[in-house]
2 protein chains.
Amino acid sequence: MVRGARKPRLADVAARAGVSRTTASYILNGRSDEMRISAEAVARVRAAVVDLGYRPNRTARSLRTAQTRTVGLISDNVASGHFASRMLTGASAAAREADHFLLIGETDGDPLVERLLAEQMLDQGVDGIVYATLRHREVVVPPSLLQARVVLLNCVDPASGLPAVVPDEHGGGRAAADLAARAAGPVVVVGDEREQGTHAGTMRLAGLEERLDELGRAVDDVVRCDWTVPAARSALACWWSGGGPAGSLVCMNDRVAMGAYQALDGLDASIPADVAVVSFDGSELASWLTPTLTTVGLPFADLGEAAVRTLLDPDARGSGTQRLAMPVVHGGSVPTVARVTP
Amino acid sequence: MVRGARKPRLADVAARAGVSRTTASYILNGRSDEMRISAEAVARVRAAVVDLGYRPNRTARSLRTAQTRTVGLISDNVASGHFASRMLTGASAAAREADHFLLIGETDGDPLVERLLAEQMLDQGVDGIVYATLRHREVVVPPSLLQARVVLLNCVDPASGLPAVVPDEHGGGRAAADLAARAAGPVVVVGDEREQGTHAGTMRLAGLEERLDELGRAVDDVVRCDWTVPAARSALACWWSGGGPAGSLVCMNDRVAMGAYQALDGLDASIPADVAVVSFDGSELASWLTPTLTTVGLPFADLGEAAVRTLLDPDARGSGTQRLAMPVVHGGSVPTVARVTP
DNA sequence: TTGGCCTGCTGACTCGATTCAGCAACGCAC
DNA sequence: GTGCGTTGCTGAATCGAGTCAGCAGGCCAA
């Protein structure tokens with residue numbers, strides 16, 4: 001590129017190659033065969049592009065084609081969520097793969113901000129919008145969104161029938177059952193399955209019960225508490241005040257499991273010999289505990305990726321709800337081999 | 001807006017108001033006084049905008065003005081970092097405040113991807129680029145970036161002299177000193193201050209030593225280990241095998257502190273009565289420990305906000321490096337009142 | 001009457017691409 | 001030599017705004 005000169009335009013390329021703008025445009029858009037451009041012209045244009053360091057102006061192209069090659073992601077709190085922010089990683093990677101960029105905006109749950117953000121993204125001309133939530137739950141998307149293509153991420157909107165990508169909580173519950181069943185003794189769920197702000201709990205519990213039943217086992221008790229460290233700690237401490245802990249604990253998330261570890265700490269019971277612990281999330285926290293926690297992971301990066309893929313896939317219009325498998329992250333909190341069940 | 005009609009353009013507004021496109025444009029851009037447009041014309045145009053539901057086409061405007069009202073954020077791993085992802089929250093909030101959108105891209109540290117991403121963002125016509133890193137460290141920004149306005153976030157590039165926004169690690173170290181000095185006995189630093197991938201450690205240590213010196217105290221020992229839970233746990237367990245723990249621990253981050261808690265667990269020493277623990281990060285983890293951890297926080301959201309503000313502030317060209325204060329997050333791991341120093 | 005100034009507006013060009021419709025030049029069949 | 005088809009290209013319109021230069025028309029002073 002010539003020093004000091006302004007950025008070259010398509011017209012400059014065309015002039016240098018001795019062809020019209022039209023011809024140059026066809027060549028750069030891969031339509032040279034269709035338009036029967038001679039090989040010589042193609043070569044001259046390509047050379048000119050290199051010589052001038054030409055890069056097409058995306059804005060001008062967008063004006064003409066009404067496509068901006070950007071996708072928006074509107075969320076309540078995803079970037080703030082410690083672990084859920086990987087949805088952004090996945091989404092942005094998938095966008096880049098499709099030569100798009102990801103535009104992000106957070107609403108903090110404020111419906112007004114949500115509406116504003118949606119409108120501004122539409123003004124900006126995004127090619128589609130991913131509507132994401134920190135917790136897996138049901139939502140009602142703002143009507144203004146519906147002018148664009150929308151894919152839901154980590155949430156569903158039953159009324160709208162919009163395509164959605166969510167973790168397979170039910171399958172995750174089944175996986176947890178298999179892990180919990182490795183230990184003998186009662187299976188105890190820790191954490192209120194109706195935790196507000198999500199319905200992951202009910203689905204996990206349903207899967208857990210289904211699979212335990214198949215194994216000839218059952219959920220023997222549920223210790224209801226918020227999904228936080230201190231709530232789980234005190235709930236369990238209180239619950240065990242009767243007899244000593246035994247069997248296996250299925251914790252609704254890794255923080256609850258951490259609370260369980262703390263509650264076990266004072267007692268004379270070791271993990272996993274006396275008590276097995278399984279949980280959900282697959283966050284880094286699981287690897288910080290001793291012994292490391294066996295946890296059924298939320299595939300956040302994959303969720304983000306799948307959502308953007310679905311959004312940009314022209315064939316995926318009414319593709320319903322995709323449930324992505326929750327992979328087990330193996331730790332040391334369950335016995336490595338299943339005990340033989342009587 | 002009329003049903004089924006295509007989106008109204010400025011020309012439609014002008015026609016309905018009985019003025020020229022030029023006049024309508026001046027009015028909508030707040031230049032009606034300067035251009036001496038009559039109050040009646042202004043009113044008619046505003047009414048037409050409402051009637052038609054007119055929203056300006058940002059792409060067309062961008063083409064003309066060469067401003068896209070978007071800013072890019074290129075990072076190595078910020079969205080994946082559990083806690084650092086709040087930089088995105090702050091950055092996106094600041095962008096929105098200035099009527100801009102945030103475009104994100106992650107490189108995973110790959111210089112090739114970095115270059116590509118930078119070029120694509122420039123093609124996209126971003127009004128500026130924030131270059132961010134997960135860890136606070138020195139970087140060399142890719143030369144292709146320098147075509148745009150750039151602000152560094154959580155890193156510095158001494159050679160380029162680019163404006164940067166970073167946490168005030170030195171000041172944070174001083175704050176930690178005040179907290180550690182509340183307990184009598186030796187002050188022990190936990191975590192290698194030369195942790196690879198960041199130079200936060202050396203700055204924290206320098207601030208710590210400076211302030212301790214002012215208080216007539218000193219760093220009595222440094223237990224060098226990686227900034228991870230298991231490394232800190234085993235390093236401390238080993239270190240204490242001589243005598244019992246006492247004094248105060250200054251942990252290089254919250255995970256190290258968690259390791260310290262675990263190491264203390266078997267021993268007969270309580271926090272903060274026997275050992276005070278201070279750390280750096282201010283992550284949620286601090287609130288999950290028992291007792292809750294007193295930690296000098298990284299103001300990630302503020303950092304992100306300040307970076308975008310600086311980027312968009314026309315007066316802030318060579319504004320040097322902004323060091324944002326690290327706020328103390330008070331927990332229960334240090335004595336509440338300072339002991340009288342002899 | 002003429003010239004100059006103010007008020008209130010507009011015509012036409014511009015940003016940088018995409019794309020439809022059409023046009024010369026040539027060969028070939030009749 | 002006329003008509004037709006193919007090859008290889010191009011002119012000009014278009015997307016939807018922003019903006020410079022200028023133009024009527026009225027008023028006032030000389």
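Mapping B/T65 and A/V19 onto DNA chain D by nearest heavy atom places A/V19 closer to the 5' end of the strand. With the nearest nucleotide of DNA chain D identified for both B/M35 and B/A60, B/A60 has the one nearer the 5' end. Between B/T22 and A/R31, the one whose closest nucleotide on DNA chain C sits nearer the 5' end is B/T22.
In this structure, B/L10 reaches the sugar-phosphate backbone alone: every heavy-atom distance under 4.0 Å involves primed, P, OP1 or OP2 atoms, never a base. Base engagement by B/R21 is indicated by at least one non-hydrogen atom pair under 4.0 Å involving a base atom. Looking at heavy-atom distances under 4.0 Å, B/R61 makes contact with sugar-phosphate atoms alone, never a base. Using a 4.0 Å heavy-atom distance criterion, A/S25 is classed as a base contact. Residue B/I37 is in sugar-phosphate contact alone, with no base atom involved, counting any heavy-atom pair closer than 4.0 Å across all strands shown.
Residues A/L153 and A/F300 form no side-chain contact, since every pair of their non-hydrogen atoms from C-beta on lies 4.5 Å or further apart. With a 4.5 Å cut-off on side-chain heavy atoms, B/D108 and B/N77 count as touching. Looking only at side-chain heavy atoms (C-beta outward), B/R46 and B/V49 stay at 4.5 Å or farther from each other.
Using a cutoff of 4.0 Å between basic side-chain nitrogens and carboxylate oxygens, B/R137 and B/D76 are scored as salt-bridged. The existence of a salt bridge linking A/E97 and A/R309 is confirmed by a sub-4.0 Å separation between a basic side-chain nitrogen and an acidic carboxylate oxygen. With salt bridges taken as basic N to acidic carboxylate O contacts below 4.0 Å, one links B/D99 and B/R58.
What separates CZ of B/R58 from P of D/dG18 is a distance of 11 Å, to the nearest Å. Rounded to an integer number of Å, the gap from CG of B/N57 to C1' of D/dT14 is 13 Å. Taking atom NZ of B/K7 as the reference point, atom P of D/dC15 lies 15 Å away to the nearest angstrom. The separation between B/R9 atom CZ and D/dG18 atom C1' is 15 Å, rounded to whole Å. Rounded to whole Å, the distance from CZ on A/R36 to C1' on D/dG8 is 7 Å. Going from atom CZ of A/R64 over to atom P of D/dA13 covers 13 Å, rounded to whole Å. Taking atom CG of residue B/N29 and atom P of nucleotide D/dC20, one finds them 12 Å apart after rounding to whole Å.
In this structure a side-chain-to-backbone donor-acceptor pair under 3.5 Å is present from B/E106 to B/A79.
With D/dG18, D/dT10, D/dG8 as the choices, the nucleotide that has an atom nearest any side-chain atom of A/S20 turns out to be D/dT10.
Using a 3.5 Å distance cut-off with no hydrogens or angles, the side chains of B/E34 and B/Y26 do not pair a donor with an acceptor. One side chain, B/Q322 or B/T310, offers a donor N or O that lies under 3.5 Å from an acceptor on the other. No side-chain donor-acceptor contact under 3.5 Å links B/H199 and B/R135.
Rounded to 10 degrees, the angle separating the terminal helix axes of the helix from C/dT1-D/dA30 to C/dC30-D/dG1, each built from five base pairs, is 80°.
Listed pair B/Y26 / D/dA17 fails the phosphate criterion, with no side-chain N or O lying under 4.0 Å from OP1 or OP2.
Contacts between chain A and DNA chain C, taken as any atom within less than 4.0 angstrom of a protein heavy atom, begin and end at C/dG16 to C/dC20.
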